[in-house]
Participant: 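Let me begin by handing over the structure; questions about it come next.
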Amino acid sequence: MPNSPAAPGSQGTVLQVSPLLPALENALTEQYRTVRLPELTDPAAYLRDHGREVVAAVTSARTGVSDALMDALPRLGAIVHFGVGHETTDVVRARARGIDVSNTPDVLTDCVADLAVGALIDVMRRMSAADRYVRDGRWGAAPFPLADRVSGKRVGILGLGRIGRAVARRLEGFGAGIAYCSRVPVPDAGYRHLPTAQALAEACDALVVTVAGGRGTRGLVSEAVLDALGPRGYLVNVARGSVVDEPALVAAVGAGRIAGAALDVFADEPNVPRALLDSDRVVLLPHIASATRETRAAMADLALRNVRRFMTEGVLLTPVPDRPAR
Ligand code: 8YV
């Protein structure tokens with residue numbers, strides 16, 4: 001049972017842990033006694049003197065709540081994430097302390113899947129590279145090199161959660177042969193299940209990574225997986241940079257051991273390895289899969305509804321599952 005909010009009339013403080021969508025920041029400030037941690041000149045002093053007043057923390061998927069911050073908030077009862085990922089917070093540790101944790105599932109699924117498919121088409125048809133080609137005035141000198149067909153290709157989905165399934169559904173429209181890898185086969189998925197990432201990579205032309213981040217999936221797309229994908233194979237990552245062994249990816253792209261990669265996430269955002277910036281074989285995006293006006297507004301609304309539910313009833317609306325599922 002999560003820690004209850006403070007008694008009515010002495011509601012307790014909501015701590016905003018990281019920068020959030022301005023509309024969400026404003027709503028929190030208007031509706032609750034909210035303290036914005038990033039704006040404090042001396043956050044350590046605040047936590048020492050007022051940490052006991054905080055009953056709920058609102059944070060981004062990227063920032064989470066660190067163990068040290070959790071320890072500084074003895075009455076914390078809820079951690080509300082703006083985003084579906086929550087690997088930046090130790091959920092087991094939080095729950096052991098009676099702190100419940102929520103995220104914003106479902107509302108971002110379509111936009112993340114749209115972007116994954118767009119990125120796949122971009123890297124296979126070399127659209128961004130072709131755009132640079134036209135802008136650089138190279139069109140007149142020689143025709144743009146031929147690219148690879150998307151329709152009818154074999155696509156492997158690494159992690160068949162909500163987002164993976166939405167990607168698969170979209171690719172059915174392209175006549176793709178879909179296979180997937182997940183911890184256990186998904187009942188009624190209707191696609192071929194492969195037991196390992198390497199087996200999946202061997203069986204596909206493009207590997208789309210949609211699995212949750214965190215310790216359990218770190219480095220899952222290893223050098224061996226990239227080699228199994230092979231020199232005609234493409235990688236798309238809309239999950240977390242940590243899932244891919246980034247140095248191995250840089251080496252594989254550089255040596256032409258894979259055909260290309262479309263990446264929305266990186267190991268150390270916003271830093272992108274120089275070799276990737278210099279490569280025409282990769283599509284590089286600044287972690288924008290959920291970044292549409294509509295989806296970010298829906299994420300903000302869901303995060304706010306979680307805070308409201310906790311502050312009024314002591315429970316969260318969309319608590320995270322015990323095992324991560326994107
Ligand atoms: C956002 C994300 O970039 O939901 C996630 O896990 O990575 C993205 O939707 C993130 O939530 C912003 O903090």
Side-chain angles (χ1 to χ4, degrees), residues 15-28 36-38 57-66 69 78-91 94 101-119 158-167 208-218 220-221 236-244 246 262-272 284-307 316-321 323-326:
L15 185 67
Q16 182 196 311
V17 177
S18 64
L20 299 167
L21 201 70
L24 177 56
E25 293 189 346
N26 293 340
L28 287 172
R36 298 180 179 177
L37 199 58
V58 185
T59 187
S60 65
R62 183 172 175 182
T63 306
V65 170
S66 67
L69 180 56
I79 298 174
V80 173
H81 290 88
F82 175 82
V84 70
H86 47 79
E87 74 283 357
T88 42
T89 297
D90 186 338
V91 177
V101 182
S102 69
N103 63 348
T104 58
D106 296 317
V107 292
L108 46 65
T109 299
D110 281 338
C111 275
V112 176
D114 291 352
L115 186 109
V117 173
L158 189 55
L160 200 71
R162 298 178 184 87
I163 295 172
R165 263 181 292 223
V167 171
V208 182
V209 183
T210 59
V211 75
R215 248 174 275 156
T217 57
R218 181 168 290 280
L220 185 59
V221 179
V236 176
N237 188 5
V238 292
R240 285 291 183 264
S242 60
V243 181
V244 175
E246 199 170 78
L263 309 168
D264 185 46
V265 286
F266 300 86
D268 178 30
E269 296 171 9
N271 301 308
V272 177
L284 304 172
L285 303 170
H287 200 146
I288 53 165
S290 71
T292 64
R293 273 187 272 274
E294 296 89 337
T295 285
R296 286 288 165 88
M299 289 164 66
D301 180 62
L302 188 51
L304 192 62
R305 285 191 287 134
N306 270 288
V307 174
L316 289 166
L317 188 61
T318 51
V320 302
R323 304 201 73 162
R326 285 170 68 85

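Just follow the structure's listing: the first ligand is 1, and inside any ligand the first atom is 1.
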Participant: For the pair Thr89 (side chain) and Val65 (backbone), establish whether a donor and an acceptor sit closer than 3.5 Å, ignoring hydrogens and angles.
Facilitator: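 It does hold such a pair.
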Participant: Taking atom 4 (O) of ligand 1 as the point of reference, which of Thr63, Val84, Thr59 owns the nearest heavy atom?
Facilitator: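 Ranked by closest heavy atom to atom 4 (O) of ligand 1, first place is Val84.
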Participant: Check each atom of ligand 1 against the heavy atoms of Leu108 and keep those under 4.0 Å away; list them by number with element.
Facilitator: 4 (O), 9 (O)
Participant: Short list, please: which atoms of ligand 1 are under 4.0 Å from a heavy atom of Gly85?
Facilitator: 4 (O), 5 (C), 6 (O)
Participant: Select the closest option to atom 13 (O) of ligand 1 among Ala239, Ser60, Ser290, judged by heavy-atom distance.
Facilitator: Ser60
Participant: Which atoms of ligand 1 sit under 4.0 Å from any heavy atom of Phe82?
Facilitator: 11 (O), 13 (O)
Participant: Is there a donor-acceptor contact under 3.5 Å from the side chain of Glu87 to the main chain of Gly213?
Facilitator: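 No, because the side chain of Glu87 does not come within donor-acceptor range (under 3.5 Å) of the backbone of Gly213.
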Participant: Please state which part of Val265 comes within less than 4.0 Å of ligand 1, counting heavy atoms only: side chain, backbone, both or neither.
Facilitator: neither
Participant: Short list, please: which atoms of ligand 1 are under 4.0 Å from a heavy atom of Ala61?
Facilitator: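 So the answer, numbered in order with elements, is 5 (C), 6 (O), 11 (O), 13 (O).
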Participant: Report yes or no: does Arg240 have a heavy atom closer than 4.0 Å to ligand 1?
Facilitator: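 Under 4.0 Å: yes for Arg240.
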Participant: I'd like to know if the side chain of Thr210 reaches the main chain of Gly159, judged simply by a donor and an acceptor atom lying under 3.5 Å from each other, with no hydrogens or angles considered.
Facilitator: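 Indeed, once roles are kept as given, a pair shorter than 3.5 Å links the two residues.
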Participant: Is there a donor-acceptor pair under 3.5 Å between the side chain of Asn306 and the backbone N or O of Ser102?
Facilitator: no
Participant: Just jot down the salt bridge (Lys or Arg N to Asp or Glu O under 4.0 Å) partners of Asp90, sequence neighbours excluded, or say none.
Facilitator: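 Expected list: none.
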Participant: Just by distance, do the side chain of Asp106 and the backbone of Thr109 share a donor-acceptor pair under 3.5 Å?
Facilitator: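 Between the backbone of Thr109 and the side chain of Asp106 there is no qualifying donor-acceptor contact (under 3.5 Å).
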Participant: Kindly identify the option in His287, His81, Glu269 whose heavy atom sits closest to atom 7 (O) of ligand 1.
Facilitator: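 Checking each option, the heavy atom nearest atom 7 (O) of ligand 1 is found in His287.
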Participant: Could you work out, with salt bridge (Lys or Arg N to Asp or Glu O under 4.0 Å) as the rule, every residue matching Arg62, not counting sequence neighbours?
Facilitator: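 Salt bridge (Lys or Arg N to Asp or Glu O under 4.0 Å) list for Arg62, sorted by chain: empty.
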Participant: Do you know which of Val265, Asp264, Val238 makes side-chain contact (heavy atoms from CB on, under 4.5 Å) with Ile288?
Facilitator: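 Only one of Val265, Asp264, Val238 forms a side-chain contact (heavy atoms from CB on, under 4.5 Å) with Ile288, namely Asp264.
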Participant: Side chain, backbone, both or neither: which part of Met299 comes within less than 4.0 Å of ligand 1 when only heavy atoms are counted?
Facilitator: side chain
Participant: With heavy atoms only and a cut-off of under 4.0 Å, state how Arg296 meets ligand 1: side chain, backbone, both or neither.
Facilitator: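 Contact part for Arg296 vs ligand 1: side chain (C-beta onward).
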